[in-house]
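Here is the structure we will look at.
Treat the numbers as computed from the prediction; the structure is a model and nothing was measured.
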Number of protein chains: 2
Amino acid sequence: MEDVAEVAGVSRGTVSRVLNGGHYVSPDALTAVQRAIRKTGYVVNQHARSLVTQRSDSIAFILSDPQDRLFEDPNFAILLKGCTQALAERDITLLLTVAGTQEDRKRVGRWVTAGHVDGVLLVSEHAGSPLINELRTRGLPIVAAGRPIGHEREISYVAADDRDGARQLVEHLRSRGRRRIAIITGPIDTPGGVDRLAGYQDVLGEPDPRLVANGDYTQDSGARAMEELLHRAPDLDAVFVCSDLMALGAVAVLQRAGKRIPEDVAVGGFDDSKAAVSATPQLTTIRQDFARVSVEMVRLLQDSITSGGRSAVILPTELVVRDST
Amino acid sequence: MEDVAEVAGVSRGTVSRVLNGGHYVSPDALTAVQRAIRKTGYVVNQHARSLVTQRSDSIAFILSDPQDRLFEDPNFAILLKGCTQALAERDITLLLTVAGTQEDRKRVGRWVTAGHVDGVLLVSEHAGSPLINELRTRGLPIVAAGRPIGHEREISYVAADDRDGARQLVEHLRSRGRRRIAIITGPIDTPGGVDRLAGYQDVLGEPDPRLVANGDYTQDSGARAMEELLHRAPDLDAVFVCSDLMALGAVAVLQRAGKRIPEDVAVGGFDDSKAAVSATPQLTTIRQDFARVSVEMVRLLQDSITSGGRSAVILPTELVVRDST
DNA sequence: GCCGAGACTGTGAGCGCTCCCAGAAAGTGG
DNA sequence: CCACTTTCTGGGAGCGCTCACAGTCTCGGC
């Protein structure tokens, strides 16, 4: 930097001003410095800058999930893509961190609080995870994807309206004349697990326990849950599966059991992922706009970093009717 | 840090020594410092450390591809997961960066050379990309996944033995009595595109151009290529598809055309991904061990960072025979 | 012509750490 | 007992930057 200053015939201070927006710099000095920068091939040392500004201009994307879900669930990929883009536009670096095991979470907690990042995007945090508390005590800005169960009033989050989406889908199934509507839920320690079940109950009231089975959003778990349901309630005429991926598994089981879709059993999914359209029959599902979620998350996080506030954004969900209902 | 020193009754120097391995520190001082660290909740400031050490203890994972591939191609996910783990064990942070567009690559180039990282893992770099040259002029350690076309002697890389894998598969098809063996290649500016075709040619010699079609590793492109092949060479009795995902598309087209697999047309894939076993019929394919690739990449990169060397690792590939041939 | 309000510039201090060096203390061999 | 090495310690310097401050210069208003 001193070199640049010398080449440009100005002082360090002026170079610094050029680097940080160019306010209070004369046109002559500006061009001289810019030329000197190009000539010397100078690039700022982020570490030195961060040392004095106490900011790192980077944020962490923490994927906090026990399984290899990133690889199976396309929703994560969409979120990641959206956040990467939204942050790149703001010249902020995204650091991806996977914290599957409890030990990982410890390590990540340490790492994050060491000042590496200005804020945290929390994805797929299950209820009761210690990570949130640790981050909160450090005062780090956080935005969660999905309602952070037990922390709704403490940290910002962006979520799709799971409950309303579930309501829409179940009402749609009823309007199609279905009366024995089963549900395959997500994990009950995730908002998608809890809230979609709640939406189902909003429409149908307290459910027959034989019509409820749990999954973990994977295709396999959807298949297993469907088998269980068929065994317990062979007379079901519809099933609301809380993710498209699980719905794929459920559809395969139904078809193997000789059920026609949608004639014998109507199937509704959730997410409106690629899988929904590539399935046969194409799935009726609930669209949630993950691209929008990521944009909102980044916006909220930056708000939180600069002004320290806290807020929640609930995005609408939309019924997409296709061939499976 | 000064606080820790005071609490422990020692100097900054001693605290620093404890933080960096504890050599030349008396047992008394060691325990005193450790207790003081716990008491004060001290965590090192990475930026200050990096400023003096000129290291960042983090590396970049640059995915240089249109972003949608991350979602569709599970190989990336496996690589990413493997690298994350291998680096976590070494207490090195992985920064994921997606550089799909040319403009992205510029931005990433700038960013990487700003000293944010000690090295770079390059994934899915196409031939002729300017990124490699820019990184090389900065003298940054690089390890590529897959043979970096045109830079084999300049930068380190880890690759599966694509050519031999292709040979194995095509020879297997021949041993099954197939005589009209077509190929659906990957993009011809990627090593997987070039080398697998070369392996095919090793066995069959210069191919009938009607038996060669190009894809881009996506399922759709596999389907399109298969349609083309069926049109141009309706008498083909086998097809070597250069990725499992494309093979899925090809299989669907063949089945729609009334061809039985493997009776009428044998199909071979590449990757041994999950898709290969979930397909019907299950795919004969070539296994390449991506988990191993990621481990080797991290090892090579660290070698390169510490000792500055350059080397290449070619991992063996293995034929996995299933029902499609 | 003087004054005050900008616009612009250079300089010193210091962010929190590691590294080097000088020196004290402790151990080793003759 | 004295050299001599080895272990251990503290303090100064400085990594490359930003920020606050003091100072200069210009210009419009009275």
Side-chain angles (χ1 to χ4, degrees), chain A residues 1-37 40-58 91 93 110-118 138 305-306, chain B residues 1-37 40-58 91 93 110-118 138 305-306:
Chain A
M1 185 161 171
E2 205 95 40
D3 293 351
V4 174
E6 191 165 344
V7 170
V10 298
S11 71
R12 265 174 26 248
T14 302
V15 176
S16 177
R17 261 168 243 127
V18 171
L19 258 30
N20 293 287
H23 302 301
Y24 290 95
V25 176
S26 67
D28 284 1
L30 187 79
T31 55
V33 169
Q34 284 170 337
R35 188 174 310 129
I37 286 175
T40 54
Y42 168 83
V43 283
V44 293
N45 182 318
Q46 250 323 310
H47 300 300
R49 174 179 280 178
S50 292
L51 183 56
V52 33
T53 60
Q54 307 283 26
R55 284 179 298 104
S56 63
D57 292 320
S58 55
D91 249 311
T93 309
R110 265 207 323 274
W111 181 80
V112 161
T113 53
H116 288 263
V117 294
D118 300 334
R138 296 283 179 174
I305 290 170
T306 55
Chain B
M1 186 164 173
E2 206 95 39
D3 293 350
V4 174
E6 190 165 344
V7 171
V10 297
S11 72
R12 264 174 28 249
T14 302
V15 175
S16 178
R17 260 168 244 126
V18 171
L19 256 31
N20 293 286
H23 301 300
Y24 292 97
V25 175
S26 68
D28 285 1
L30 187 80
T31 54
V33 169
Q34 285 170 336
R35 188 174 310 129
I37 286 176
T40 55
Y42 167 84
V43 283
V44 294
N45 182 319
Q46 256 315 318
H47 299 300
R49 174 179 279 176
S50 293
L51 183 58
V52 33
T53 58
Q54 307 283 27
R55 284 181 297 103
S56 63
D57 292 319
S58 54
D91 247 313
T93 308
R110 267 206 323 273
W111 180 79
V112 161
T113 53
H116 287 265
V117 295
D118 300 335
R138 296 284 177 172
I305 289 171
T306 55

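The interatomic distance linking B:Gln54 (CD) with C:dT18 (P) rounds to 13 Å, in whole Å. Put simply, CZ on B:Arg12 is 15 Å from P on C:dC20, counting in whole angstrom units. Here C:dG14 presents its P atom at 18 Å from CG of B:Asn45, a figure rounded to the nearest Å. Rounded to whole Å, atom C1' of C:dC21 lies 14 Å from atom OH of B:Tyr24. Per the geometry, CD belonging to B:Glu2 stands 10 Å off P belonging to C:dC17, to the nearest Å.
Crowding of B:Gln34 atom CD: a count of heavy atoms from other residues, nucleotides or ligands under 6.0 Å exceeding 12.
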Give the intermediate values and the outcome of side-chain contact (heavy atoms from CB on, under 4.5 Å) for residues A:Arg17 and A:His23. CA-CA 7 Å; A:Arg17 261 168 243 127; A:His23 302 301; over 6 Å; no
Apply the test side-chain contact (heavy atoms from CB on, under 4.5 Å) to residues B:Leu19 and B:Tyr42: give CA-CA distance (whole Å), side-chain angles for both, the deciding distance (0.1 Å), then the verdict. CA-CA 11 Å; B:Leu19 256 31; B:Tyr42 167 84; 3.8 Å; yes
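Here the closest non-hydrogen pair linking A:Leu30 and A:Val25 is N-CG1, 3.7 Å. The heavy-atom pair separating B:Val4 from B:Ala36 by the smallest distance is O-CB, 3.7 Å. B:Arg55 approaches B:Ser50 most closely through the heavy-atom pair O-OG, 2.7 Å. Here the shortest heavy-atom pairing between A:Ser56 and A:Gln46 reads O-OE1, 4.3 Å.
Judged purely by atom type and a 3.5 angstrom limit, B:Thr53 uses its side chain to pair as donor or acceptor with the backbone of B:Arg49. Put simply, the side chain of B:Ser58 gets close to the backbone of B:His116: a donor and an acceptor are under 3.5 Å apart.
Phosphate proximity of C:dA7 to A:Ser26: absent, as no side-chain N or O sits under 4.0 Å from OP1 or OP2. In this structure, B:Tyr42 reaches the C:dC17 phosphate: one of its side-chain N or O atoms is under 4.0 Å from OP1 or OP2.
A 4.0 Å heavy-atom criterion places the boundary nucleotides of DNA chain D facing chain A at D:dG16 to D:dT18, written 5' to 3'.
The residue among B:Ala29 and B:Val52 whose nearest nucleotide of DNA chain D lies closer to the 5′ end is B:Ala29.
Against DNA chain D, the stretch residues 14-23 of chain B makes heavy-atom approaches under 4.0 Å through B:Thr14, B:Arg17.
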